[in-house]
Visitor: 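One structure, pasted below without further comment.
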Amino acid sequence: MKPFYSNFRIKNKIFSVSLLLLMIFGILGLITFQYFTSLYEKRIYEESADMLQLSSSIVDKELNLIEELSFQVSTDTFVQNYLKKINENRFSFESYDTKTRLLERLLHYASTRKYIASMQIIDLHGEKHTTGFDTSLENDEGKIKRVLSETNGSNVWTKIEGKNGISAARTIRSKENLSLNNIGTLIISIDMDTFVEETLNFSPDNKEMVITSNHEIFYQSDTSNWEMKDFAVEGNGSGYMTTPIDGKEYLLTYAHSGFSQLTYHHLLPYGDVKKQTTAIKIIMIICFVLMLSLTILLSQRAAKNISKPLEALSSQMKRVEEGDFSESLKNKYHNDEVGELHDNFQLMLNRINELIKENYTKQLMIQETEYKALQAQINPHFLYNTLDSINWLAKMQKQEKISVMADALGNMMRNIISKKDPMITIKEELDIVRNYITIQKYRYDHRLNFTLSNLEDYEMGEIPKLSIQPIVENAIQHGLEEMIDECRIHLDISETEGNLEIKVSDNGPGIEKSLLDGIYQGDVRSKSSGIGLNNIHERIKMMFGEEYGITIESEVGRGTTVRIRLPYITG
């Protein structure tokens with residue numbers, strides 16, 4: 001087994017060990033995680049859902065009793081008679097006595113449930129008749145009337161603003177002769193803290209119950225501070241979901257009331273179930289320790305087999321780094337990648353020794369070549385001095401044309417060669433253009449007509465060197481040389497929205513569309529300087545961006561206009 005394993009490729013060795021560990025970790029981790037996660041989630045959900053279902057059923061039953069009590073009070077014969085007398089005669093002594101009896105009757109009903117804070121009737125005159133152990137727990141009268149106006153005498157549940165309570169309201173309709181006339185309003189206010197304490201006293205977890213309806217929180221415990229946005233689930237049915245509230249994760253269980261528009265919620269923080277997750281953590285830690293021990297054992301054995309030949313090769317490389325190219329590796333390792341590295345390294349040493357010998361001979365030849373190249377270089381200053389000598393010699397011989405052309409050529413070469421910066425001023429670029437035009441005028445005489453405009457305002461603007469002169473040169477080469485009439489070339493500079501536009505126009509024969517496409521693609525080169533329009537265009541785009549560069553407008557027989565678009569930069 002050992003020789004067979006030793007001849008494996010390194011990648012196969014590493015892959016075999018990694019695959020084995022990965023399979024062990026993956027299978028055990030997947031089984032453990034799946035089992036405990038499903039067990040945990042199922043247990044939490046079932047407990048919370050069962051508790052909420054039981055609680056909501058009890059609350060529904062009690063609230064339904066309140067609705068029945070509301071109907072019983074509103075249809076009570078004594079209550080209706082008392083209320084009728086009060087509506088008919090408001091300020092008499094008899095009315096006062098009737099109000100007292102009405103309150104006694106209401107107190108009798110209010111005493112049937114400990115959580116009924118108050119019971120109130122509002123007569124047709126708007127006067128309130130309130131009794132109970134907490135008469136301060138009252139709902140907004142205006143809100144009650146607005147809600148009741150949309151019903152036909154049925155009970156309506158509303159929230160008591162600023163208080164932890166809810167109220168059941170109903171319009172009192174006359175039973176006499178079945179007229180069903182409105183004779184008052186009944187409001188039963190419920191202290192929800194007492195209500196929950198009395199009805200849900202079998203489990204302390206139900207203190208975290210929240211009741212909502214119509215996008216309002218009807219009840220929450222005094223220790224809670226929830227907001228309606230935390231309870232987005234309202235509607236029919238029941239269910240559960242995990243939701244973050246104030247940076248903490250909660251299991252939110254909800255159930256809709258079976259007879260009203262109320263929705264019950266129960267919130268269970270995951271922090272409260274840490275005791276249940278302790279066992280899971282311990283088991284996972286034990287599994288991890290076992291897997292870690294197994295990984296260390298296998299990794300050490302694999303690393304030993306892989307690193308031994310690599311260490312020998314590294315030791316030899318360090319000797320080579322110190323300049324010792326003679327010693328060779330004597331041990332022969334297995335036929336894997338490391339063995340190939342040893343063989344290739346030995347071949348490399350032999351090749352290096354050969355190259356050292358060859359390189360010594362080549363260095364002697366290179367030094368001789370460089371010496372000859374230095375001797376053959378032309379000093380630009382020698383060229384300037386020679387042109388200056390020609391200029392003065394021509395003046396002595398009264399050869400004005402030769403003098404001017406030599407002087408113009410010298411100035412032009414000096415401006416091009418001596419200025420090393422890629423950006424020069426427009427004035428310096430135009431000096432090159434003027435010297436070039438001076439030479440060409442002596443060549444073409446009256447056939448060349450060159451004009452400039454709008455230059456004074458932009459002379460200090462900076463542009464890439466040799467941006468205008470090659471365009472003027474192309475206009476002469478492709479325009480003047482192909483026509484027998486006078487060639488008019490006009491140079492104009494203007495500014496638009498912070499950008500500089502340089503326009504060179506001629507009245508030459510124009511450019512065909514196929515040739516124009518070749519210029520844009522860089523296939524057509526300059527006839528003289530070698531600096532084509534495409535070269536200038538790409539240089540400008542590289543320096544300033546894609547929105548800048550050169551555009552060409554030409555029509556066969558009607559001339560050509562070249563526009564250069566640059567950002568307006570001043571020094």
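When reading the values below, keep in mind they use all heavy atoms of this one structure, side chains included, and skip hydrogens, waters and symmetry mates.
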Visitor: State, to 0.1 Å, how close Leu83 and Ile121 come at their nearest heavy-atom pair, and which atoms those are.
Guide: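 Taking Leu83 first and Ile121 second, the nearest heavy atoms are CD1-CG2, 3.8 Å.
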Visitor: Can you name the nearest heavy-atom pair linking Ile463 to Ser467, along with the distance?
Guide: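 Closest approach of Ile463 to Ser467: CD1-CB, 4.5 Å.
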Visitor: Are Lys114 and Glu197 ion-paired here, with the side-chain N under 4.0 Å from a carboxylate O?
Guide: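 Salt bridge absent between Lys114 and Glu197.
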Visitor: Do Leu186 and Ser70 touch side chain to side chain, with heavy atoms closer than 4.5 Å?
Guide: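 Leu186 reaches Ser70 side chain to side chain.
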Visitor: Do the side chains of Trp157 and Leu63 get nearer than 4.5 Å, heavy atoms only?
Guide: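 Yes; the side chains approach each other to less than 4.5 Å.
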Visitor: Measure across Lys465 and Arg539 and return the closest heavy-atom pair with its distance rounded to 0.1 Å.
Guide: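 Looking at all heavy atoms of both residues, the shortest contact is O-NH1, 2.9 Å.
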Visitor: Taking the side chain as every heavy atom from C-beta outward, state whether Thr158 and Ile166 have any atom pair closer than 4.5 Å.
Guide: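 Not in contact.
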Visitor: Could you report the tightest heavy-atom contact between Leu69 and Met119, atom names first, then the distance?
Guide: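 Scanning both residues completely, I find the closest heavy atoms to be CD2-CE, 4.2 Å.
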Visitor: Nearest 0.5 Å, please: how far is CG in Asp457 from OG in Ser494?
Guide: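 Between Ser494 OG and Asp457 CG, I get 11.0 Å after rounding to 0.5 Å.
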Visitor: Checking side-chain hydrogen bond (donor to acceptor under 3.5 Å, both in side chains) for the pair Asn181/Ser174: CA distance, chi angles, key distance, verdict?
Guide: CA-CA 5 Å; Asn181 294 327; Ser174 176; 5.7 Å; no
Visitor: Going by an N to O cut-off under 4.0 Å, is there a salt bridge joining Glu547 and Lys541?
Guide: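 Not counted as a salt bridge, because no side-chain N and carboxylate O are separated by less than 4.0 Å.
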Visitor: Among all residues two or more places apart in sequence or in another chain, which pass the salt bridge (charged side-chain N to carboxylate O under 4.0 Å, His left out) test with Lys85?
Guide: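 With sequence neighbours excluded, Lys85 shows a salt bridge (charged side-chain N to carboxylate O under 4.0 Å, His left out) to no residue whatsoever.
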Visitor: Should Lys84 and Glu176 count as side-chain neighbours, where that means a heavy-atom distance under 4.5 Å?
Guide: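 Side-chain contact under 4.5 Å: yes.
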Visitor: Report yes if the side chains of Met423 and Met543 come closer than 4.5 Å at any heavy-atom pair, otherwise no.
Guide: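 Yes. Closest side-chain heavy atoms under 4.5 Å.
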Visitor: How close do Ile540 and Arg565 get, counting heavy atoms only, and between which atoms?
Guide: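 The pair with the smallest heavy-atom distance is CG2-O, 4.0 Å.
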Visitor: Could you check whether the rings of Tyr548 and Phe544 sit parallel, tilted or perpendicular, using 30° and 60° as the cut-offs?
Guide: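 Tyr548 vs Phe544 ring planes: perpendicular.
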Visitor: Judged by modelled atom types alone, do Tyr115 and Asp193 share a side-chain donor-acceptor pair under 3.5 Å?
Guide: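 No donor-acceptor contact under 3.5 Å links the two side chains.
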Visitor: Minimum heavy-atom separation for Gly132 and Leu107, please, with both atom names.
Guide: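 Looking at all heavy atoms of both residues, the closest pair is N-CD1, 4.4 Å.
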Visitor: Mind checking whether Asn155 and Phe71 have side chains closer than 4.5 Å, heavy atoms only?
Guide: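 No, every pair of side-chain atoms sits at 4.5 Å or beyond.
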Visitor: Applying side-chain contact (heavy atoms from CB on, under 4.5 Å) to Ile58 and Lys61, what does each step give before you reach the verdict?
Guide: CA-CA 5 Å; Ile58 296 174; Lys61 181 179 179 181; 5.7 Å; no
Visitor: Aromatic rings Tyr254 and His265: how do their planes relate, parallel, tilted or perpendicular, breaks at 30° and 60°?
Guide: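 The rings of Tyr254 and His265 sit tilted, inter-plane angle from 30° to 60°.
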Visitor: Stepwise, does the side-chain contact (heavy atoms from CB on, under 4.5 Å) test hold for Ile187 with Ile122?
Guide: CA-CA 8 Å; Ile187 303 174; Ile122 305 174; 4.0 Å; yes
Visitor: Assess whether side-chain contact (heavy atoms from CB on, under 4.5 Å) is satisfied between Glu495 and Asn499, documenting all intermediate values.
Guide: CA-CA 6 Å; Glu495 178 190 359; Asn499 294 320; over 6 Å; no
Visitor: What residue pairs, at least two apart or across chains, pass salt bridge (Lys or Arg N to Asp or Glu O under 4.0 Å) with a residue in residues 251-260?
Guide: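 Qualifying pairs, neighbours excluded: none.
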Visitor: Any side-chain heavy atom of Thr185 sitting closer than 4.5 Å to one from Gln120?
Guide: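 Counting from C-beta outward, Thr185 and Gln120 never come under 4.5 Å.
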Visitor: Going through the checks in order, is the side-chain hydrogen bond (donor to acceptor under 3.5 Å, both in side chains) test met by Arg563 and Thr551?
Guide: CA-CA 5 Å; Arg563 300 177 188 272; Thr551 57; 5.0 Å; no
Visitor: Does some side-chain heavy atom of Asn182 sit less than 4.5 Å from a side-chain heavy atom of Ile172?
Guide: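 A side-chain contact under 4.5 Å is absent here.
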Visitor: Are a donor atom and an acceptor atom from the side chains of His129 and Asp123 found within less than 3.5 Å of each other?
Guide: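 Yes, Asp123 and His129 have a side-chain donor paired with an acceptor closer than 3.5 Å.
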